[in-house]
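As the structure is a computational prediction, the values presented were derived from the model and not from experiment. The sequence lines fix the lettering, A, B, ..., with proteins before strands; numbering per chain opens at 1.
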Protein chains: 2
Amino acid sequence: MKKTNNISEFLLENNIKPSYQRLKIFEYLYVHKTHPTVDEIYKALKGEIPTLSKTTVYNTLKLFVDKGVVIIINIEDNETRYDADTSLHGHFKCEKCGNIYDFNVHDNGLTIDLKKFKIKETHIYIKGICEKCIN
Amino acid sequence: MKKTNNISEFLLENNIKPSYQRLKIFEYLYVHKTHPTVDEIYKALKGEIPTLSKTTVYNTLKLFVDKGVVIIINIEDNETRYDADTSLHGHFKCEKCGNIYDFNVHDNGLTIDLKKFKIKETHIYIKGICEKCIN
DNA sequence: GTATCTGCAAAACATTTGCAATTCT
DNA sequence: AGAATTGCAAATGTTTTGCAGATAC
């Protein structure tokens with residue numbers, strides 16, 4: 001399978017051994033750009049991989065995050081979501097349908113393609129090392 | 001006490017009956033701009049209010065968020081933090097010391113007073129109603 | 001005296017950990 | 001065989017819920 005091979009190579013390039021579970025979990029994230037939760041990934045793959053456990057989904061996602069091929073999205077406090085797109089972009093969550101949309105973030109600030117969306121809350125989180133801790 | 005009266009009035013203006021616990025919890029958030037967790041608030045006030053329960057802290061914070069006088073900060077996935085400053089501003093978390101710093105977000109985009117800080121991750125979350133759900 | 005508010009105890013979830021079984025090479 | 005991976009079961013930690021007692025008006 002061409003796509004599977006590509007994903008396999010991509011994982012290898014990032015020092016991740018492409019086991020069957022890892023391939024399937026990454027593929028799911030790569031194909032379904034819905035920023036799924038652990039439970040959503042688990043339920044979606046359970047049919048295809050009947051022996052799959054949630055622990056493996058947790059382990060695998062943590063590995064992906066550590067290796068930098070997946071990022072965590074904390075747009076809500078009661079759910080951790082995952083995204084295989086690690087490039088800088090914003091996330092818009094509709095409070096009605098629950099969908100999470102990606103939007104572009106430009107260098108010169110935040111120019112949003114959300115003109116038709118009704119914005120209620122904006123959260124900007126940056127992580128790194130502060131002035132005192134750099135030394 | 002002047003400050004307490006101010007907080008009391010502020011809560012009343014926002015349709016929150018200023019009980020002793022509510023006053024103290026809001027005062028804590030207002031004075032300590034460290035974006036504390038439920039547990040931090042609970043432990044900090046337990047001495048002053050020996051009968052305080054964590055349930056009350058949870059209940060009260062939920063009430064504050066519902067009434068719009070406090071916002072939730074989800075900068076990490078394993079901790080929910082709270083902020084009595086509901087104006088638009090960004091949060092920077094130092095991965096070393098754990099401190100969370102506020103920074104300004106200007107109208108024309110994201111101009112950050114973080115020039116001396118080392119940025120590792122940027123997360124921009126917007127919530128509202130999407131195009132499809134507005135109608 | 002009725003509403004509301006508080007707080008204990010239990011339940012519900014999400015996530016992590018220990019360890020044994022399985023798989024891969 | 002030896003090392004890594006998987007997955008069950010139990011533990012942990014956080015947040016929610018039900019309900020009874022306390023408090024306020």
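Look at Tyr58(A) and you won't find any side-chain N or O under 4.0 angstrom from OP1 or OP2 of dT16(C). In terms of phosphate contacts, Gln21(A) brings no side-chain nitrogen or oxygen within less than 4.0 Å of OP1 or OP2 of dT23(C). At dT16(D), one or more side-chain N or O atoms of Lys62(B) fall inside 4.0 Å of OP1 or OP2 (strictly under the cut-off). A sub-4.0 Å separation between OP1 or OP2 of dT15(C) and a side-chain N or O of Thr55(A) is absent. Regarding contacts with the backbone of dT23(C), every side-chain N or O of Ser19(A) stays at 4.0 angstrom or more from both OP1 and OP2. Contact annotation: Ser53(A) side-chain N/O to dT6(D) OP1/OP2 distance is not under 4.0 Å.
A 3.5 Å limit on both hydrogen-bonding distances identifies no Watson-Crick or G-U partner for dA3(C). For dT23(D), there is no paired base (Watson-Crick or G-U wobble, both distances below 3.5 Å).
Minimum heavy-atom separation, Leu29(A) to Asp83(A): CD2-N, 4.3 Å.
Counted by atom type alone, Asp85(B) and Ser87(B) present one or more donor-acceptor pairs between their side chains at under 3.5 Å. Side chain to side chain, Asn74(A) and His123(A) fail the donor-acceptor criterion of an N or O pair below 3.5 Å.
Between Leu52(B) atom CG and dT23(D) atom C1' there is a gap of 16 Å when expressed in whole angstrom units. Taking atom CG of residue Asp77(A) and atom P of nucleotide dT15(D), one finds them 8 Å apart after rounding to whole Å. Between the CD1 atom of Ile16(A) and the P atom of dC24(C) there is a distance of 18 Å, rounded to whole Å. Note: CG (Asn59(A)) to P (dA4(D)) measures 15 Å, nearest angstrom. Computed from coordinates, the Ile25(A) CD1 to dG7(D) P distance equals 9 Å when rounded to whole Å. Atom OH of Tyr42(B) and atom C1' of dG13(D) are 15 Å apart (whole Å). Taking atom CD of residue Glu76(A) and atom C1' of nucleotide dT15(D), one finds them 15 Å apart after rounding to whole Å. Put simply, CG on Asn78(B) is 14 Å from C1' on dT15(D), counting in whole angstrom units.
With the nearest nucleotide of DNA chain C identified for both Glu79(A) and Lys46(B), Lys46(B) has the one nearer the 5' end. Position along DNA chain D of the nearest nucleotide to Asp39(B) versus Lys17(B) favours Asp39(B) as the more 5'-ward residue.
Between the OH atom in Tyr42(A) and the OG1 atom in Thr55(A) there is a gap of 9.0 Å [rounded to 0.5 Å]. Once rounded to the nearest 0.5 Å, the distance linking CG of Leu61(B) with CZ of Phe26(B) reads 10.5 Å.
Considering only side-chain atoms of Thr80(B), the nucleotide from dT6(D), dT15(D), dT15(C) that sits closest is dT15(D).
Counting any heavy atom pair closer than 4.0 Å across all strands shown, Lys54(A) reaches no nucleic acid atom.
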